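If you're wondering where the values come from, they're calculated on a predicted model, not measured in any experiment. Residue numbers start at 1 and run along the sequence shown. Just so you know, these numbers use all the heavy atoms, side chains as well, and skip hydrogens, waters and symmetry mates.
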Amino acid sequence: MVSDWPHLVQGGFFVALLVAATIWDAKKQIIPDVICLGIALTGLLDFTPEKLFGLLTAAVFLFLALFLGGLFGGDIKFSAAVGLVLGFQKSMTGMILGLILMLAFHMIHTLILKRHRKDIKKSYPLAPFLSIGCLAAYFLC
């Protein structure tokens with residue numbers, strides 16, 4: 001149990017920082033660099049060299065931002081920081097789960113707004129959805 005302390009401490013900081021990113025992004029639609037840096041530093045608590053490949057997660061989001069638009073620098077930095085904590089496979093799992101969750105939310109939200117004849121929202125903060133997916137990947141995978 002004593003040897004698990006880095007993982008437990010990392011999990012606590014990871015949860016707290018993802019909650020902070022979620023709240024900040026939901027309110028201001030920005031993810032501060034200091035939160036991304038905190039997440040990346042959290043990766044040092046249980047670091048293995050293989051987790052450096054988690055940075056490639058940001059490459060996927062950078063590609064999407066360049067060719068499809070709709071993503072901003074904070075989302076890319078957030079995915080890189082999470083990649084350092086989770087490693088490539090878990091971070092991609094978390095990102096995919098988060099994007100699926102956002103898609104499901106958008107579909108339900110759009111149906112509700114159409115039913116009430118209101119304007120459909122064009123964008124959502126991404127951190128809340130990615131955070132849920134990454135937490136699932138961290139604790140369940």
Side-chain angles (χ1 to χ4, degrees), residues 1-116 118-141:
M1 187 67 163
V2 174
S3 64
D4 277 349
W5 76 266
H7 189 69
L8 294 172
V9 171
Q10 181 188 48
F13 279 119
F14 191 54
V15 169
L17 289 165
L18 291 183
V19 168
T22 294
I23 292 169
W24 204 282
D25 198 25
K27 286 184 177 182
K28 301 187 182 213
Q29 292 198 339
I30 188 171
I31 304 169
D33 290 343
V34 70
I35 292 176
C36 292
L37 180 61
I39 294 169
L41 291 174
T42 300
L44 296 177
L45 293 171
D46 194 23
F47 180 76
T48 60
E50 295 83 29
K51 289 187 179 177
L52 287 174
F53 288 109
L55 290 171
L56 294 175
T57 308
V60 174
F61 279 87
L62 179 60
F63 177 81
L64 291 172
L66 291 174
F67 292 102
L68 300 177
L71 294 172
F72 299 102
D75 299 322
I76 297 166
K77 289 181 262 186
F78 179 82
S79 64
V82 166
L84 285 173
V85 176
L86 299 177
F88 183 74
Q89 187 171 355
K90 282 187 176 184
S91 64
M92 286 304 293
T93 300
M95 298 298 163
I96 291 168
L97 288 172
L99 292 172
I100 289 170
L101 182 61
M102 187 175 96
L103 179 61
F105 175 84
H106 174 70
M107 290 170 40
I108 293 166
H109 192 240
T110 298
L111 289 172
I112 292 169
L113 290 177
K114 279 186 176 182
R115 182 171 183 174
H116 295 291
K118 294 188 178 185
D119 291 332
I120 297 170
K121 193 170 184 179
K122 298 285 184 206
S123 68
Y124 303 101
L126 194 53
F129 302 103
L130 294 181
S131 293
I132 293 169
C134 289
L135 285 172
Y138 185 82
F139 289 108
L140 301 176
C141 295

Within-4.5 Å side-chain heavy-atom neighbours: V60 and M95: no
M107 vs L111, side chain to side chain contact (heavy atoms under 4.5 Å, CB included): CA-CA, chis, key distance, verdict: CA-CA 6 Å; M107 290 170 40; L111 289 172; 5.5 Å; no
side-chain contact (heavy atoms from CB on, under 4.5 Å) involving V15 - partner list, sequence neighbours excluded: V19, L135, F139
Note, L84 side chain near K51 side chain (heavy atom, < 4.5 Å): no
Residue of the set T57, L18, L130, T42 for which side chain to side chain contact (heavy atoms under 4.5 Å, CB included) holds with V82: L18
For G54 against S91, the heavy-atom pair lying closest together: O-OG, 4.1 Å
Listed partners of A20 passing side-chain contact (heavy atoms from CB on, under 4.5 Å), at least two apart: I35
Point-to-point distance, once rounded to the nearest 0.5 Å, from CE of M92 to CG of L99: 8.5 Å
Under the side-chain contact (heavy atoms from CB on, under 4.5 Å) test, residues paired with A136 that sit two or more places apart: L97, L140
Shortest non-hydrogen contact from A40 toward A81: N-CB, 3.8 Å
Pairwise side-chain contact, F61 with L126, heavy-atom cut-off 4.5 Å (strictly under): yes
Q29, CD atom: more than 12 neighbouring heavy atoms under 6.0 Å: yes
Any side-chain heavy-atom pair of F78 and L17 under 4.5 Å: no
Option from L86, L45, D46 for which side chain to side chain contact (heavy atoms under 4.5 Å, CB included) with F14 holds: L86
Minimum heavy-atom distance between I31 and A21, given as atom pair plus value: CG2-CB, 4.2 Å
Salt bridge (Lys or Arg N to Asp or Glu O under 4.0 Å): pairs with one or both residues in residues 77-93, sequence neighbours excluded: D33-K77
From CG (D75) to CD1 (I30), nearest 0.5 Å: 10.5 Å
Residue pairs involving residues 83-108 (criterion ring pair (Phe, Tyr, Trp, His ring centres under 6.0 Å); sequence neighbours excluded): F105-H109, F105-Y124, F105-F129, H106-Y124
Residue F47 excluded, over 12 heavy atoms near CZ under 6.0 Å: yes
Least distance between heavy atoms, A58 atom then S79 atom: CA-OG, 3.3 Å
Shortest non-hydrogen contact from A26 toward P125: CA-CG, 3.9 Å
Salt bridge (Lys or Arg N to Asp or Glu O under 4.0 Å) contacts touching residues 10-29 (sequence neighbours left out): none
Chi angles and distances behind the ring-ring contact (aromatic ring centres under 6.0 Å, His included) call for Y138, H7: CA-CA 10 Å; Y138 185 82; H7 189 69; 5.1 Å; yes
